[in-house]
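Note sheet for the following structure.
When reading the values below, keep in mind they use all heavy atoms of this one structure, side chains included, and skip hydrogens, waters and symmetry mates. Everything numeric here is computed off the predicted structure, so don't read it as measured data.
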Amino acid sequence: MQVQTYSLTTDHRTTPATLTAYLQTPTPGSTVQQFAPLLIIPGGSMTHIPVEETEKTALAFASRGFQVFILRYSFVSDQTPLYPAPLYDLAQAVAMINTHRATWHLNDYLHLLGFSAGGQVTALFNDYWDASWLAQGAGVTTAELAFTDLILGYPVIDLDAGFPTDAPTLAQWTDTPVKYNASQHVTATNRPTFLWATLDDPIVPVQNTINYFLAQQAAGISQEIHLFEHGPHGMDLANALVAHHPAGNQPHVAHWVDLAVEWLQSDHHQF
């Protein structure tokens, strides 16, 4: 496996964002010569990304046969107000993956996996991926932004649904919050979506996940949702390997990984 990090700065725009690729090499003689790409958009409250947990999550999905990528998008320390910079970053990352399919041994799919604040960036990309302003701002074509489906783990969805919790933080994110309430911008071109969260999440209320589910349900988007009874925020794999405090080791919640992989490999994407 080769691990390489690529800058997303282009002639069109300068950004601190990077794309880290965990590139598996096909085994000679194996029937698997192409891998399904999976792009992780981590959480971190728009101030950082949890590198250690995200790396372990990447390796867990790599072991399931995915070619995994991690997006380090723009933070509030890089730009205020922050939006739409992270959306442009994600658009550029998607375009880079789509234009390197042959050299990175990728098949025809592209899966997105967003957690927490990164889940909001991912959900908004799902809403806006075919909007002309997004492609123009990112300096790519709309065709380069096509993807298959997405997974959202305990995502921030709406900026008036419990996170951020204070006006100064919200002002760091955006001065036009209505544009970035993801449940309010669902369209018929949203991609199939797998959602999971815990009912007692103390940081990002589960109402966020429910809002997005209901909006997509109304739009006829293919979905699967899992709401677990208990678990703290920011669990990633929800096992002892990534638990940054004892309550983060939740064996029952950890089943989300198997459920998501089964869903990714199902026929829901035949739309």
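Counting only distance, with no hydrogens or angles, the side chain of Asp200 and the backbone of Pro232 share no donor-acceptor pair below 3.5 Å. With hydrogens and angles ignored, the 3.5 Å screen pairs no side-chain donor or acceptor of Asp149 with any backbone N or O of Pro192. The backbone N or O of Ala161 sits less than 3.5 Å from a side-chain atom of Asn208, completing a donor-acceptor pair. Looking only at distances, no side-chain donor or acceptor of Trp196 sits under 3.5 Å from a matching main-chain atom of Val253. The main-chain N or O of Asp160 is never found under 3.5 Å from a side-chain atom of Asp158 such that the two would form a donor-acceptor pair. Using modelled atom types, no side-chain atom of Ser116 and backbone atom of Gly118 make a donor-acceptor pair closer than 3.5 Å. The backbone N or O of Gly137 sits less than 3.5 Å from a side-chain atom of His12, completing a donor-acceptor pair. Remark: side-chain polar atoms of Thr9 are paired, donor with acceptor, to backbone N or O of Thr15 under 3.5 angstrom. Between the side chain of Gln120 and the backbone N or O of Tyr180, at least one donor-acceptor pair lies under 3.5 Å. Using modelled atom types, no side-chain atom of Thr209 and backbone atom of Tyr154 make a donor-acceptor pair closer than 3.5 Å.
Here CZ of Phe228 is found 9.5 Å from CH2 of Trp256. Values are rounded to the nearest 0.5 Å. Between the OG1 atom of Thr14 and the CG atom of Leu8 there is a distance of 11.5 Å, given to the nearest 0.5 Å. Atoms CD1 and OG1, on Ile49 and Thr54 in that order, are 5.5 Å from each other to the nearest 0.5 Å. Atom CG of Leu71 sits about 7.0 Å away from atom OG1 of Thr18, to the nearest 0.5 Å. Atom CZ of residue Phe69 and atom NE2 of residue His111 lie 11.5 Å apart, to the nearest 0.5 angstrom. With rounding to the nearest 0.5 Å, the separation of CG in Leu110 from CD in Gln67 is 12.0 Å.
Looking only at side-chain heavy atoms (C-beta outward), Val206 and Thr198 stay at 4.5 Å or farther from each other. Using a 4.5 Å heavy-atom threshold, the side chains of Thr57 and Phe115 count as touching. Side-chain contact check for Arg13 versus Asp89: some heavy-atom pair is nearer than 4.5 Å. Proximity of Asp127 to Tyr212: side-chain heavy atoms (C-beta onward) are separated by under 4.5 Å at one or more points. With contacts defined as side-chain heavy-atom distances shorter than 4.5 Å, the pair Leu264/Ile151 qualifies. Side-chain contact between Thr176 and Tyr83 is absent, with no heavy atoms from C-beta onward closer than 4.5 Å. Counting heavy atoms from C-beta outward, Ser183 and Phe213 have side chains that stay 4.5 Å or more apart. Counting heavy atoms from C-beta on, the side chains of Glu262 and Phe194 never come closer than 4.5 Å.
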Which atom pairs, donor and acceptor, lie under 3.5 Å between side-chain atoms of residues 234-247 and protein residues at least two apart or in another chain?
from, atom 1, to, atom 2, distance (Å)
Asn239, OD1, Leu241, N, 3.1
Asn239, OD1, Val242, N, 3.3
His244, NE2, Gly234, O, 3.3

List the atom pairs, donor and acceptor, that lie under 3.5 Å between side-chain atoms in residues 97-106 and the rest of the protein, sequence neighbours left out.
from, atom 1, to, atom 2, distance (Å)
Asn98, OD1, Arg101, NE, 3.4
Asn98, OD1, Arg101, NH2, 2.6
Asn98, ND2, Val94, O, 3.4
Asn98, ND2, Glu144, O, 2.6
Asn98, ND2, Ala146, O, 3.0
Thr99, OG1, Ala95, O, 2.9
Thr99, OG1, Met96, O, 3.1
His100, ND1, Met96, O, 2.7
Arg101, NH1, Asn107, O, 2.3
Arg101, NH1, Tyr109, O, 3.0
Arg101, NH2, Tyr109, O, 3.3
Thr103, OG1, His100, O, 3.3

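In this structure, Asp130 does not pair ionically with Arg191, as no charged nitrogen and carboxylate oxygen lie closer than 4.0 Å.
A ring-centre distance under 6.0 Å is found for Trp133 and Tyr128.
Residue Tyr22 is not grouped with residue Val32 when hydrophobic side chains (ILVMFWY) are merged at heavy-atom distances under 4.5 angstrom, including chains of intermediate members. In the hydrophobic cluster analysis, where Ile, Leu, Val, Met, Phe, Trp and Tyr join through side-chain heavy atoms closer than 4.5 angstrom, Leu59 is grouped together with Leu113. Val178 and Ile157 fall into different hydrophobic clusters, defined by Ile, Leu, Val, Met, Phe, Trp and Tyr side-chain heavy atoms under 4.5 Å apart, directly or through other members. The hydrophobic cluster containing Phe35 does not contain Met1, counting ILVMFWY residues as joined when their side-chain heavy atoms lie under 4.5 angstrom apart, directly or transitively.
For the pair Phe163 and Ser45, the tightest heavy-atom approach, listed with the atom from each and the gap, is CZ-OG, 3.7 Å. The shortest heavy-atom contact between Val204 and Pro155 is CG1-O, 3.4 Å. Of all heavy-atom pairs spanning Asn126 and Thr193, the tightest one is ND2-OG1, 3.5 Å. Heavy atoms only, all atoms of each residue included: Leu87 and Val121 are closest at CD2-O, 3.5 Å. The nearest pair of heavy atoms linking Phe75 to Thr47 is CD1-O, 3.5 Å. What you find for Asn181 and Leu159 is that their closest heavy atoms are OD1-N, 2.7 Å.
The one candidate from Leu39, Leu38, Thr20 that meets the side chain to side chain contact (heavy atoms under 4.5 Å, CB included) condition with Val68 is Leu38. With Leu195 as reference, Leu152 is the one residue of Leu227, Ile210, Leu152 to meet the side chain to side chain contact (heavy atoms under 4.5 Å, CB included) rule.
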Side chain to side chain contact (heavy atoms under 4.5 Å, CB included) assessment of Gln92 paired with Thr10
CA-CA 9 Å; Gln92 289 179 243; Thr10 65; 3.6 Å; yes
Please lay out, stage by stage, how Ser132 and Thr142 fare under the test side chain to side chain contact (heavy atoms under 4.5 Å, CB included).
CA-CA 7 Å; Ser132 59; Thr142 298; 5.5 Å; no
Val156 and Trp173: side chain to side chain contact (heavy atoms under 4.5 Å, CB included), yes or no, with the steps?
CA-CA 12 Å; Val156 177; Trp173 287 31; 4.3 Å; yes
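Within a 6.0 Å radius of CD in Glu229, no more than 12 heavy atoms belonging to other residues, nucleotides or ligands are found.
Among residues at least two apart or in separate chains, salt bridge (charged side-chain N to carboxylate O under 4.0 Å, His left out) pairs with a member in residues 58-73 are Arg64-Asp258, Arg72-Asp78.
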